[in-house]
Amino acid sequence: MKKYDMMMQERVMILEKKTFEISNIQSVEELNHLSLKLNEQEQVSHMKISKESIVFNCIDIDALLSLIQGVNKEHIVKEVIDGSKRQYDFAQRKEVPHYFMFKNMVTEDDIYVLINQIQEDSKYHDIEYDPKNKILTLVSSQRDVLSYLRKELFKINPSIEIMEHRKPIRSQDVFNQKYLNRYIRIGIFLVVIALALITSKDHNQITPILWYVTMFLLAEPILKSAWKQVKQLKFFKEDVLVIGAFILGIAAQAYVETCLAVILYQVAAPFLNKVLEKSLFKIDEAVEMPETGVRYLDEREEVISLYEFEIGDTMIVKPGETVHIPGKVLKGPSDLSTYSNTSTYELVRAKKGTLVSSGDVNVGEKPLYIKITSTYESSNYIELMNIASAAPVYESKIEKYTKILSRFYTPIMVVLGLILGIVLPIIDFHTYRSYIHVGAVLLILSGALSSDQSTSLGMLAGFAKAFRNGIIIESSLGLDSINACQTIVYDRFDGVEVTEEELELFRKLSHMGRTLVIFNDGPVALENDQYTIYNDLSVEEKLSKMDSLVGPIVYIGDSFKDIELLQKSYVGISRGGLADSKVVENSDIVLIDAELNKVYETFLISRSMRTTAIANNVITVLMKLVVLIGVISFNGFPLWIAILVEMLVSATVMYNSTHILE
């Protein structure tokens, strides 16, 4: 529970792309001129244009500064972080030292291979490895050093884990001292708790002191964590609040049950971590990338890692399998589905000399022997993973609303707990003495909502579900924001006659509780009283129509001429896979599967994510209300039961968050 944020950060790959906003744009002409200039830049993607500002993603904002100021020096550039904007600092990044340690390392040869690779990159220097203490140090100005090293180390040996430490690590032999201190603490604890139990019968004044010492000895790890949080002025963190609850529990003379609550609280953390690990494992399974392929060498087949394939090797792709690495067909023939790369439904006859791309599917009856012309790292599969892994970097609206709920909930509960547990007993101890116990329970309940943690997990599960179904989420804001949209604009494939599958899709979309508008560019004009249909409109006319529609708008398009429409929409969905990189960059969601029904599935996943988040919030609040009613009705409500309920609710909502994958 308390380690949740750290574990989630380790699971999510942090990419270099960031979000920026340009404001203080003086005129429409200036807005159009600047948007055209930015569109010409390859690194600029996901551009959204409003009346007075432009929001976009890019890798290196410093490279665009001269372009932006060249249009107007008065433009203000702000970086958007978790929905908040701050003036961007164009100053050079400072170089800082980094310290890394390794787990599951059998031989140090792999580490030296890693060192040789990063030494070739000028962004990293002063690279040193201490073999005695297994510590790697380097100096760099990059912000994603750990992500880079994990990627490189995975290619060398996937079983080795690398961890970063924020402070220098000192080598010292503390084995004997460590166990000596442990035995001393155990001895002190046994003496103190024995004295506490003996004096409890006589109600001696020293009894509460002895029980406080007992509680503090049991809660030492929690105390250390709480003290760090207090020094950082984080008074509403869970460990701080729980320590306050335990102090009130001893003051209420609930000695034994408070100590039981301390033990249960510390047992709950590893239990919840196990639940979290199991949930993350389910997500990993859903987005599992291919790891091996079949290489044909010296007239025999061998299964090797895809990262081990070199240019010139021969890979065998059997019927029903996907081409993972691009190349040229040496032996066939067979039929290929190339939709994910070309957005065309027609099968391609792959024979000797045919060039194939990663993502193509062998739908024929014979295996294909392909000569590799590139590396796995540069394949479209890796590009898909990079796109998908960027989505969790941005906080979704569901997560923001849940955090807002927690932000108000926690202070209110803390204030009530302090009033009942401290203020009222100080005013009149004899009358309000029993309220100290109530205040302790309220402080336990005041911890962050379990749904706050599970919402982020639910978003990751939604991305994984989409990825497994051929739906690539480029922005969590896009998938979540579908629920807020009032109008669906479906732009049909150019020059293609309407099919029964497409008509069925229209029927499903029209029953989503939103207005369905169809832009038809097919060879035959469409008419239907159930939908709003516009035939043969130019891009300018489509943009004008979108201005007149009830927003927010989900726009579904597929080609280069749709980029302005994707930018203008609240959520942009592009069909056709990776056929056009500029279309992909300006989309919130990319469909790489040939089935039209994937459009409808995208809406279902978005709705399911929202429903799960709401259900988790309701479960959490209801259970806290049940405990609150119990403590008000029964002043002797045990602290350990409150902690047990919190633990079970947290486990339940975590499990429920990944239920979408089943």
Side-chain angles (χ1 to χ4, degrees), residues 21 25 28 31-32 35 39 46-56 396-397 471 473-475 477-494 496 498 502-522 524-576 582-583 585-591 596-607 610:
E21 180 194 66
I25 300 175
V28 176
L31 180 72
N32 293 334
S35 64
N39 255 325
H46 203 86
M47 187 187 302
K48 295 292 183 181
I49 304 171
S50 62
K51 294 181 179 179
E52 299 177 349
S53 65
I54 299 176
V55 178
F56 61 95
S396 68
K397 286 190 174 182
I471 304 166
I473 310 302
E474 188 167 357
S475 169
L477 301 176
L479 183 62
D480 184 30
S481 297
I482 287 178
N483 295 305
C485 292
Q486 300 297 314
T487 303
I488 302 172
V489 176
Y490 184 89
D491 200 340
R492 295 194 61 248
F493 290 102
D494 296 349
V496 178
V498 68
E502 200 168 23
L503 290 174
E504 177 64 16
L505 173 62
F506 294 162
R507 186 189 67 78
K508 291 180 178 178
L509 292 178
S510 65
H511 288 82
M512 295 295 298
R514 300 172 176 87
T515 302
L516 175 62
V517 176
I518 300 172
F519 290 160
N520 175 44
D521 298 328
V524 179
L526 297 180
E527 292 184 5
N528 194 310
D529 295 336
Q530 298 179 3
Y531 320 125
T532 302
I533 302 176
Y534 297 100
N535 294 294
D536 299 322
L537 297 182
S538 65
V539 174
E540 290 73 18
E541 290 173 328
K542 290 178 181 178
L543 288 169
S544 177
K545 289 294 182 184
M546 285 181 68
D547 285 332
S548 65
L549 298 175
V550 177
I553 297 172
V554 178
Y555 174 81
I556 306 164
D558 69 302
S559 65
F560 183 82
K561 65 182 180 63
D562 298 332
I563 288 179
E564 292 182 75
L565 298 162
L566 289 167
Q567 292 174 349
K568 195 176 186 65
S569 64
Y570 191 59
V571 179
I573 302 177
S574 62
R575 304 172 302 246
K582 206 64 179 177
V583 173
E585 290 174 353
N586 286 278
S587 303
D588 297 294
I589 300 170
V590 181
L591 308 182
L596 284 175
N597 196 51
K598 296 301 178 184
V599 175
Y600 180 63
E601 286 186 17
T602 304
F603 285 84
L604 293 183
I605 292 172
S606 177
R607 176 184 288 178
R610 180 190 60 180

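Owing to the predicted nature of the structure, the values given are computational and were not obtained by experimental measurement. For reference, positions follow the sequence shown, starting with 1.
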Which heavy atom of [X] sits nearest a heavy atom of [Y], and at what distance?
X	Y	value
Ile25	Ser53	CD1-CA, 4.0 Å
Phe506	Leu516	O-CD2, 3.5 Å
Thr602	Lys598	OG1-O, 2.8 Å
Pro552	Ala484	CD-O, 3.5 Å
Lys568	Asp547	CE-OD1, 2.6 Å
Glu21	Val55	CG-CG2, 3.9 Å

Straight-line distance of [X] [atom1] to [Y] [atom2], nearest 0.5 Å:
X	Y	atom1	atom2	answer
Ser510	Leu505	OG	CG	9.5 Å
Ile533	Arg492	CD1	CZ	9.5 Å
Ile54	Gln567	CD1	CD	9.0 Å
Asn483	Ser606	CG	OG	3.5 Å
Ser574	Asp491	OG	CG	12.0 Å
Ile518	Ile488	CD1	CD1	10.5 Å

task = Without swapping roles, check the side chain of Thr487 against the backbone of Val550 for a donor-acceptor pair under 3.5 Å.
result = yes
query = Where the side chain of Ser544 meets the backbone of Glu540, is there a donor-acceptor pair that is under 3.5 Å apart?
reply = no
With side chains defined as the heavy atoms from C-beta onward, is the minimum distance between [X] and [Y] less than 4.5 Å?
X	Y	answer
Thr532	Leu549	no
Val571	Cys485	yes
His511	Tyr600	no
Thr515	Gln486	no

ask   = Parallel, tilted or perpendicular for Phe519 and Tyr555, by the 30°/60° rule?
value = tilted
request  = Check whether more than 12 heavy atoms from other residues, nucleotides or ligands sit under 6.0 Å from atom NZ of Lys508, and answer yes or no.
outcome  = yes
query = So which pairs with a foot in residues 512-522 pass salt bridge (charged side-chain N to carboxylate O under 4.0 Å, His left out), sequence neighbours left out?
reply = Asp521-Lys542, Asp521-Lys561
